[in-house]
Chemist: 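The structure follows.
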Amino acid sequence: QPIISFKNVNKIYNNGTVGLKDINFDIPRGEFLVVVGLSGAGKSTLLRTINRMHEISSGEITIENEPISDYKGQSLRLLRRKIGMIFQDFNLIKRSTVQRNVLSGRVSYYPTWKSVLNLFSAADKDRAIRALERVNLTEKLYTRADELSGGQQQRVAIARTLMQDPKVILADEPVASLDPLTTQTVMDILKRLNQEDGITVIVNLHSVALARQYADRIVGLRAGAVVYDKEIADVTEAD
Ligand code: ADP
Ligand code: ADP
């Protein structure tokens with residue numbers, strides 16, 4: 001049974017731009033899926049419909065067999081815990097420590113006033129250290145986020161999502177601003193979380209070469225539509 005399923009999904013933005021066009025596919029649990037396509041192809045739109053950052057215009061998305069479109073309040077909060085997300089520009093709180101940034105992955109478990117006052121439990125502080133161990137950054141616990149390199153910042157962002165015990169990680173161009181060596185480090189971590197923790201990973205990439213190196217399956221988008229969908233074993237040089 002797929003963890004995520006798209007059925008006849010269309011997304012048209014308020015200004016009339018087509019974001020997604022008749023998307024139909026299933027994502028099996030535990031897959032490392034890479035979505036490729038030129039800028040504007042709809043990759044980011046696709047990811048953002050999965051955690052309801054964007055609403056679809058028609059069709060249906062189901063996660064673990066439940067349609068997600070009617071979720072609100074607590075059910076939407078639970079969906080967003082299940083689905084971690086990382087971004088090209090990391091989205092960290094720049095002037096806060098790594099520890100505070102990682103703990104922020106846990107704010108939906110606290111009343112707002114507690115998270116504002118930084119009143120996180122000892123258990124969650126331990127959890128933050130374990131999350132940083134997964135990305136090899138425990139030594140940076142008290143460093144300010146904006147003193148880290150780009151690759152280190154992305155690893156903090158990954159640790160932050162791990163605080164939710166996500167079943168799925170969505171990564172929207174996570175390496176677009178990183179150099180080649182750092183790119184491998186970040187992609188290796190995503191691959192390890194996929195293989196060792198069974199987290200389903202969906203990554204948007206520009207580079208088909210990088211997609212080939214890490215994906216179980218590659219989906220190509222153009223103008224919001226799927227124009228390519230192959231298991232890595234079936235991908236040839238001609239592709
Ligand atoms: P990609 O991630 O592949 O670069 P996007 O999903 O960001 O593509 O964009 C797909 C299309 O939707 C593009 O034409 C883009 O300009 C448009 N688009 C994206 N976000 C919005 C928005 N919030 N409002 C209107 N159009 C948007
Ligand atoms: P949605 O209906 O999915 O919430 P909206 O059309 O309301 O999306 O736009 C969300 C935000 O994205 C708006 O603030 C809009 O100004 C901005 N936006 C508009 N066009 C684009 C674009 N081409 N790429 C990215 N963001 C855009």
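Order of listing sets the numbers, starting from 1, for every ligand and every atom in it.
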Chemist: Give yes or no for whether the N/O distance cutoff of 3.5 Å, strictly under, is met between Ser44 and ligand 1.
Modeler: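 Yes; the residue has a nitrogen or oxygen that sits under 3.5 Å from a nitrogen or oxygen of the ligand.
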Chemist: Looking only at heavy atoms of Gly42, does any of them come nearer than 4.0 Å to an atom of ligand 1?
Modeler: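 Checking ligand 1 against Gly42, which is what was asked, there is a heavy-atom contact under 4.0 Å.
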Chemist: Return yes when Leu38 approaches ligand 1 closer than 4.0 angstrom through a heavy atom, no otherwise.
Modeler: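 Checking ligand 1 against Leu38, which is what was asked, there is a heavy-atom contact under 4.0 Å.
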Chemist: Would you say Asp172 has any N or O atom under 3.5 Å from an N or O of ligand 1, going by distance alone?
Modeler: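 Min N/O separation from ligand 1 is not below 3.5 Å for Asp172.
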Chemist: Do Lys82 and Gln164 have side-chain heavy atoms sitting under 4.5 Å apart?
Modeler: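 The answer is no, as the side chains (C-beta and beyond) never meet within the 4.5 Å cut-off.
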Chemist: How about CD on Gln1, more than 12 heavy atoms from neighbouring residues, nucleotides or ligands closer than 6.0 Å, or not?
Modeler: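 Atom CD in Gln1 is not crowded, with 12 or fewer foreign heavy atoms closer than 6.0 Å.
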Chemist: Sequence neighbours left out, cut at 3.5 Å: what donor-acceptor pairs do the side chains of residues 220-229 make with other protein atoms?
Modeler:
residue : atom : partner : partner atom : Å
Tyr228  : OH   : Asp239  : OD2          : 3.0
Asp229  : OD1  : Arg217  : NE           : 2.8
Asp229  : OD2  : Arg217  : NH2          : 3.1

Chemist: Should you measure from each heavy atom of Ala41, which atoms of ligand 1 turn up under 4.0 Å away?
Modeler: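 Selected atoms, number and element: 1 (P), 3 (O), 8 (O).
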Chemist: Decide whether Gln152 and Arg155 meet the rule of one side-chain donor and one side-chain acceptor closer than 3.5 Å.
Modeler: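 No, because no side-chain N or O of Gln152 sits under 3.5 Å from a partner of the opposite role on Arg155.
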Chemist: Quick one: do Glu173 and Lys43 make a salt bridge, cutoff under 4.0 Å?
Modeler: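 Salt bridge between Glu173 and Lys43, a charged N being under 4.0 Å from a carboxylate O: yes.
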Chemist: Would you mind telling me if ligand 1 is within reach of the side chain of Thr17, the backbone, both or neither, using heavy atoms under 4.0 Å?
Modeler: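 Side chain only.
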Chemist: In terms of side-chain geometry, is the basic nitrogen of Asp124 or Arg127 positioned less than 4.0 Å from the acidic oxygen of its partner?
Modeler: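 Yes.
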Chemist: Hey, which atoms in ligand 1 end up nearer than 4.0 Å to a heavy atom of Thr45?
Modeler: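 Close to Thr45: 5 (P), 6 (O), 9 (O), 10 (C).
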